[in-house]
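Quick note on labels: first sequence line is chain A, next is B, and so on, each numbered from 1. It should be emphasised that the depicted structure is a prediction, and the values quoted were computed from it without experimental measurement. The analysis underlying the following values was restricted to heavy atoms, covering all of them including side chains, and did not include hydrogens, waters or symmetry mates.
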Amino acid sequence: MSYHFNEIEKKWQNYWADKQTFKAENNRDKPKYYVLDMFPYPSGAGLHVGHPLGYIASDIYARYKRHKGFNVLHPQGYDSFGLPAEQYAIQTGQHPAITTETNIKTYRRQLDQIGFSFDWSREVRTSNPEYYKWTQWIFIQLFESYYCKDSNRARPISELITDFETEGNAQINAACDDDVTYFTAEDWSGYASEEQQDILLKYRLTYLAETEVNWCPALGTVLANDEIVNGVSERGGHPVIRKKMTQWSMRISAYAERLLHGIDYNVEDLDWTDSLKDIQRNWIGKSVGASVTFNVNMTSDMLKHVQHDISERHSELVSESHPYKIEVFTTRPDTIYGVSFMTLAPEHELVSKITTEAQKADVDAYIEATAKRSERDRMADVKTISGVFTGAYAEHPFTKELIPIWIGDYVLAGYGTGAVMSVPCGDQRDYDFAKHFDIPIPNIFEGVDISEEAYASKDNVKLANSDFLNGMNYKKATKRAIYELEQLGQGEGKTNYRLRDAVFSRQRYWGEPFPVYYVNDKPQMIDEKHLPIVLPEVEKYLPTEEGEPPLGRADVWAWDTTTHSVVSNELIDNEHVFPLELNTMPGWAGSSWYFFRYMEDAMRDEVFASKEALDYWESVDLYIGGSEHATGHLLYSRFWVKFLKDRGFVNVEEPFKKLINQGMILGTSAFVYREDGTNRYISSGLIQDKNVIPIHVKVKYVNASDELDIDGLKSDSEFGDDYSDAEFILENGVYKVGREVEKMSKSKYNVVNPDAICEQYGADSLRLYEMFLGPLEQYKPWNTAGITGVHGFLKKLWKLYVDDNGLKVSDTEPSKDSLKTLHKTIKKVEEDIENFSFNTSVSTFMIAVNELMAQKCNSKAILEPLLILISPYAPHIAEELWNRLGHDDSISTVSFPKFEEKHLVESSKNYPISFNGKMRFTLELPLDMSKDEIEKTVMAHEKTIAQLDGREPKKVIVVPGKIVNIVG
RNA sequence: GCUCAAGUGGCGGAAUUGGUAGACGCGCUGGAUUCAAAAUCCAGUUUCUUCGGAAGUGUGGGUUCGAUUCCCACCUUGAGUACCA
């Protein structure tokens with residue numbers, strides 16, 4: 001009876017589905033373990049062999065944990081909102097919900113055939129209204145919250161209102177927009193409702209603001225920073241420009257410090273790789289320093305502006321004595337005596353006010369030129385130094401000397417205050433700028449040569465020419481400088497973060513609608529009891545002629561505040577019926593909390609997840625997915641979880657305890673070489689110096705020896721007659737293709753579909769081979785030819801249990817050797833799984849089976865536990881053989897075999913005998929032999945004498961049980 | 001530029017606290033079986049070699065009785081970031 005994998009696999013997949021073998025029950029007496037995959041976006045192309053890599057790894061771990069007695073939650077679902085379905089809808093008119101549904105069906109079929117132990121009863125789809133009802137609900141909670149810096153957590157906005165009513169905002173220490181102004185309790189109660197709403201918006205954790213956004217004209221939407229790669233959109237590679245738009249934003253910056261703190265100190269709940277933590281740390285970009293205020297020296301030109309500014313209420317830039325102030329952020333307040341000029345971003349609001357008449361033309365020309373340069377140009381060209389003098393001077397806070405104020409595009413408007421104090425001796429950019437424009441470069445470092453370049457290091461430096469800072473090092477001087485600035489009222493210690501608030505609006509159709517309507521342009525939340533607000537129908541998925549998002553085309557998209565329902569736009573009267581928000585939420589909205597949704601199995605309509613479920617499952621114990629989500633999904637999820645915790649909706653600080661990034665499986669492309677200008681294809685070994693053009697061919701026409709199936713290629717209908725008349729120049733009777741490792745993609749014809757693999761070799765072979773390829777985290781090329789190795793192994797495994805007469809396993813006593821094989825396998829496999837080293841356990845299985853075969857082992861006492869070891873990796877064959885061994889229940893929850901050291905105890909050791917560290921021969925010696933005896937025996941050995949060739953050894957190192965090394 | 005990974009046979013990779021480098025598999029070579037092929041099985045497969053051996057884990061140094069493993073410098077590849085003050 002041979003190994004009929006197709007039958008076996010179908011049989012057990014049906015069995016698992018029928019018996020709901022992998023359904024996780026909440027509140028069981030077993031300890032819990034939550035294994036999660038990053039859920040897929042169901043694309044039209046279906047899965048290729050690279051996709052299941054992480055799923056197989058997590059599945060092995062989930063199955064292993066079940067054997068270890070855990071109640072395992074291992075769910076799966078779909079991140080089903082997204083751009084591709086919408087782009088397809090734009091092209092074809094097909095509703096994205098329909099394509100999404102079709103694609104999900106394909107995904108599900110492909111996933112099922114690989115034999116994953118998912119609990120599908122808890123499936124999540126982000127595009128389902130019953131799911132996004134809760135995404136909308138979380139949005140409302142964010143809107144109704146602010147971040148209190150005193151208690152370091154989010155609190156209900158109602159508490160802030162109470163504070164405003166009793167004491168105004170002067171004492172409030174909360175995360176808010178930069179432009180809030182001070183008001184008293186009396187002021188507050190005097191404000192009109194709309195004014196109050198505007199002020200509150202500046203504190204809410206999600207807020208509407210006019211922001212400069214990354215607009216992608218080709219996609220017709222804004223993109224978040226992490227959705228842009230090298231200045232173009234991540235999806236599609238379209239250009240991105242800066243544009244001012246009114247957008248919903250998430251005040252993630254309020255959580256910058258806590259997000260960072262978790263990375264550095266919460267090792268328990270954030271067992272992530274250092275490289276991933278580094279990426280997040282860099283992205284948050286904390287810098288500690290000081291804010292310093294420079295007073296602008298007033299000229300008569302400026303005083304004209306001042307009159308105007310003072311009439312505007314709340315202008316912070318203006319005071320009686322020094323009408324204009326420039327605030328800068330610096331990480332080196334210790335170098336304040338090295339300031340020889342200041343630089344403002346060209347966009348800085350003071351520029352127009354302080355520029356003198358004489359410089360006005362130059363400055364305007366420069367601003368115009370900078371504005372024209374795209375973000376990409378500015379990025380590409382960082383070497384050109386440019387800038388213009390404004391004609392104005394600032395006053396040094398200590399020396400009161402006049403410092404020229406320049407503008408330059410190396411200063412970014414979006415970071416810090418958009419202005420810097422330039423210290424050319426201590427900063428290379430300032431140095432280059434000063435050299436270029438012939439600005440003095442005062443040296444404030446004792447004994448440091450700055451004639452060639454700036455001295456930017458904080459170490460080994462003592463300050464000079466710096467008055468009260470003279471002789472101090474970086475640390476001391478920084479402290480002192482901040483103290484002195486505080487005394488003057490011209491500065492304070494400050495921490496800056498590179499992390500920007502996240503834009504949350506997308507001008508797209510296929511996303512979550514906001515539960516928001518507008519009264520006099522002020523956003524109002526729809527009461528949570530009326531959720532979900534379901535995506536309306538539109539006749540086209542494009543922006544409107546007026547440039548509004550696709551929801552602007554919906555006819556029924558207005559909110560009736562009396563009936564609490566979505567009604568026709570015709571009914572809008574701005575008294576009871578109001579327009580609804582036209583933007584939709586970004587892709588990361590639904591994926592920032594889905595891991596909680598899986599926890600709930602019964603009352604999904606009542607809550608986003610019940611308290612019981614949240615208490616039991618807590619957070620994800622093991623999360624596997626791609627590292628490309630480092631600054632997107634993984635950061636936003638942490639943010640939302642912290643927020644939900646602050647507001648008491650969940651009780652964990654971090655969502656993903658252990659995180660592993662699986663590497664990408666790359667394709668091995670195959671090339672034929674056409675001689676230029678001919679229809680002749682030359683085998684790769686014969687090219688020499690001929691002028692050839694490499695052309696991708698489908699990898700399915702190439703065998704393990706890189707030989708091309710010419711007939712197959714010629715008859716491929718996709719290429720029509722391209723190859724039918726072609727002449728192939730062979731070497732040794734075959735056409736050899738060239739090979740190259742590239743990312744898998746349709747256009748490179750190197751995509752390998754798991755369906756074909758499952759059909760030809762089976763799911764167990766696919767699972768084993770994906771693991772066998774190499775370490776999980778590593779990028780590695782796929783080569784289908786190699787799968788015969790693991791497939792052959794499964795056949796051998798089968799033959800160990802079954803022959804032509806049926807089952808050949810007996811109750812005979814196992815041999816000592818077989819016990820040793822089994823137990824060293826148990827030990828190794830258990831260690832491997834705990835370390836996520838799945839590739840090495842596949843080798844271990846091969847070694848075990850090879851040994852047991854050689855031992856002619858047919859003992860049940862060995863072969864039964866062996867099946868349990870293998871079952872997480874190759875569950876179908878394990879179930880089948882387990883069943884044939886006479887078990888009625890699934891192997892999936894049987895206890896993992898216990899390792900016993902006693903079977904591995906040896907009495908002798910094959911010692912490597914090395915000379916000067918190089919092993920020359922081995923010698924079998926008893927393990928209880930003493931050091932001296934070993935030395936004596938080895939030195940007397942004929943090979944030792946031959947090796948030494950008469951020389952006297954200087955030293956003999958004997959490490960009992962390990963090695964003998966003879967020096968000399 | 002800065003930050004972080006990683007460089008081992010023809011290929012994927014193994015070597016868990018410094019102790020026999022190349023496990024396991026692919027491919028290749030030879031053989032058995034077969035009318036033949038597939039499948040299966042057996043033997044070999046880092047390089048050089050005067051067949052005694054010798055060299056060898058990106059390069060060059062260092063520590064050590066002993067280094068793929070630790071330290072320093074450099075080279076290459078990949079990832080992240082992009083004037084962050």
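- The side chain of A:S275 places no N or O atom within less than 4.0 Å of a non-bridging phosphate oxygen (OP1 or OP2) of B:G80.
- For A:N839 and B:G25, the shortest distance from a side-chain N or O to OP1 or OP2 is not below 4.0 Å.
- Residue A:Q778 has a polar side-chain atom (N or O) positioned under 4.0 Å from OP1 or OP2 of B:G13.
- Residue-level contact check: A:T922 touches the bases, meaning some heavy atom is under 4.0 Å from a base atom.
- Other residues, nucleotides and ligands contribute more than 12 heavy atoms inside 6.0 Å of the CD atom of A:E742.
- Dashed line: the shortest gap from a side-chain N or O of A:R498 to OP1 or OP2 of B:A82 is under 4.0 Å.
- When each of B:G19, B:G12, B:C24 is scored by its nearest atom to the side-chain atoms of A:L773, the top-ranked nucleotide is B:G12.
- Rounded to whole Å, the distance from NZ on A:K780 to P on B:G12 is 13 Å.
- Only one option out of A:E831, A:E901, A:E851, A:E906 pairs with A:K824 in a salt bridge (charged side-chain N to carboxylate O under 4.0 Å, His left out); it is A:E851.
- Nucleotide B:G22 holds its C1' atom 12 Å from the CE atom of A:M919, rounded to whole Å.
- In this structure B:A82 sits in no base pair that meets the Watson-Crick or G-U test at under 3.5 Å.
- Rounded to a whole Å, the OH atom of A:Y769 is 17 Å from the P atom of B:C24.
- A close approach under 4.0 Å does occur between a side-chain nitrogen or oxygen of A:R920 and OP1 or OP2 of B:A54.
- The side chain of A:S287 sits closest to B:A85 out of B:A85, B:G19, B:A14.
- Considering only the side chain of A:E831, B:U16 comes nearest among B:U16, B:U3, B:U40.
- B:U3 atom P lies 20 Å from atom NZ of A:K277, rounded to whole Å.
- Nearest nucleotide to the A:K795 side chain, out of B:C65, B:C24, B:A39: B:A39.
- Within 3.5 Å, a donor on the side chain of A:K828 pairs with an acceptor on the base of B:U16, or the reverse.
- A straight line from CZ of A:F836 to C1' of B:U16 spans 16 Å, rounded to a whole angstrom.
- A:N839 places no side-chain N or O within donor-acceptor distance of the main-chain N or O of A:L776, the cut-off being under 3.5 Å.
- Between A:R429 and the phosphate of B:C84, there is a side-chain N or O to OP1/OP2 separation shorter than 4.0 Å.
- Of the nucleotides present, B:G62 is the one that pairs with B:C70 by Watson-Crick or G-U wobble criteria, both distances under 3.5 Å.
- Here the C1' atom of nucleotide B:G25 and the CD atom of A:E770 are 16 Å apart, to the nearest Å.
- Of the two residues near RNA chain B, A:D427 and A:V964, the one whose nearest nucleotide lies more 5' is A:V964.
- In this structure, a donor-acceptor pair under 3.5 Å is absent between the side chains of A:T668 and A:N783.
- A donor-acceptor contact under 3.5 angstrom links the side chains of A:K796 and A:N850, judged on distance only.
- Across all strands shown, B:A37 has no partner, as no Watson-Crick or G-U wobble contact with both distances under 3.5 Å is found.
- For the pair A:P781 and A:I966, both in contact range of RNA chain B, the more 5′-proximal nearest nucleotide belongs to A:P781.
- Between A:K918 and B:U20 there is no side-chain N or O to OP1 or OP2 distance below 4.0 Å.
- Counting non-hydrogen atoms under 4.0 angstrom, A:S837 reaches nothing in the nucleic acid.
- Searching all strands for a Watson-Crick or G-U wobble partner of B:C26 with both distances below 3.5 Å returns B:G10.
- A donor-acceptor contact under 3.5 Å is formed by the side chain of A:N965 with the base of B:C65.
- Between A:F341 and A:F437, the gap from one ring centroid to the other reaches at least 6.0 Å.
- Contact between the side-chain N/O atoms of A:K955 and the OP1/OP2 oxygens of B:C65 is found at a separation under 4.0 Å.
- Side-chain contact annotation: A:S287 with A:N496, donor-acceptor N/O pair under 3.5 Å absent.
- Separation of the C1' atoms belonging to B:A23 and B:U68 is 15 Å when rounded to the nearest angstrom.
- Atom name C1', nucleotides B:A85 and B:A15: the rounded distance is 48 Å, in whole Å.
- Comparing atom distances between the A:Y410 side chain and each of B:U20, B:C83, B:G19 picks out B:C83 as nearest.
- Computed from coordinates, the A:I284 CD1 to B:C84 P distance equals 18 Å when rounded to whole Å.
- Base pairing analysis places B:U20 opposite nothing; no Watson-Crick or G-U wobble pair with both distances below 3.5 Å involves it.
- Across all strands shown, B:C48 forms a Watson-Crick or G-U wobble pair, both distances under 3.5 Å, with B:G53.
- Nearest nucleotide to the A:M846 side chain, out of B:A85, B:U16, B:G25: B:G25.
- Taking atom C1' in both B:G18 and B:U64, the straight-line distance is 9 Å, to the nearest Å.
- The listed nucleotides are B:C84, B:G19, B:G12; the one nearest the side chain of A:I963 is B:G19.
- A:S386 and A:Y366 are linked by a side-chain donor-acceptor pair at a separation below 3.5 angstrom, with hydrogens and angles left out of the test.
- Shown here is A:K743, whose NZ atom has no more than 12 heavy atoms of other residues, nucleotides or ligands within 6.0 Å.
- With B:U20, B:C4, B:A14 as the candidates, the nucleotide lying closest to the side chain of A:T840 is B:A14.
- Here B:A15 sits opposite no nucleotide as a Watson-Crick or G-U wobble pair (both hydrogen-bonding atom distances under 3.5 Å).
- With B:C26, B:U20, B:C24 as the candidates, the nucleotide lying closest to the side chain of A:T788 is B:C26.
- Remark: C1' of B:C4 and CH2 of A:W283 are 16 Å apart, rounded to the nearest angstrom.
- With P as the reference atom, B:G56 and B:G44 are 26 Å apart, rounded to whole Å.
- OP1 or OP2 of B:A85 lies within a sub-4.0 Å distance of a side-chain N or O belonging to A:Y415.
- With A:Q428 contributing its side chain and A:A454 its backbone, the two residues share a donor-acceptor pair below 3.5 Å.
- Taking atom C1' in both B:U63 and B:C26, one finds a spacing of 39 Å when rounded to whole Å.
- The same atom, P, is picked in B:G58 and in B:G10; the two are 14 Å apart, to the nearest Å.
- When heavy atoms are screened at a 4.0 angstrom cut-off, A:N850 is found touching the sugar-phosphate backbone but no base atom.
- Nucleotide B:G7 carries an anti base; the chi torsion (O4'-C1'-N9-C4 or O4'-C1'-N1-C2) is more than 90° from 0.
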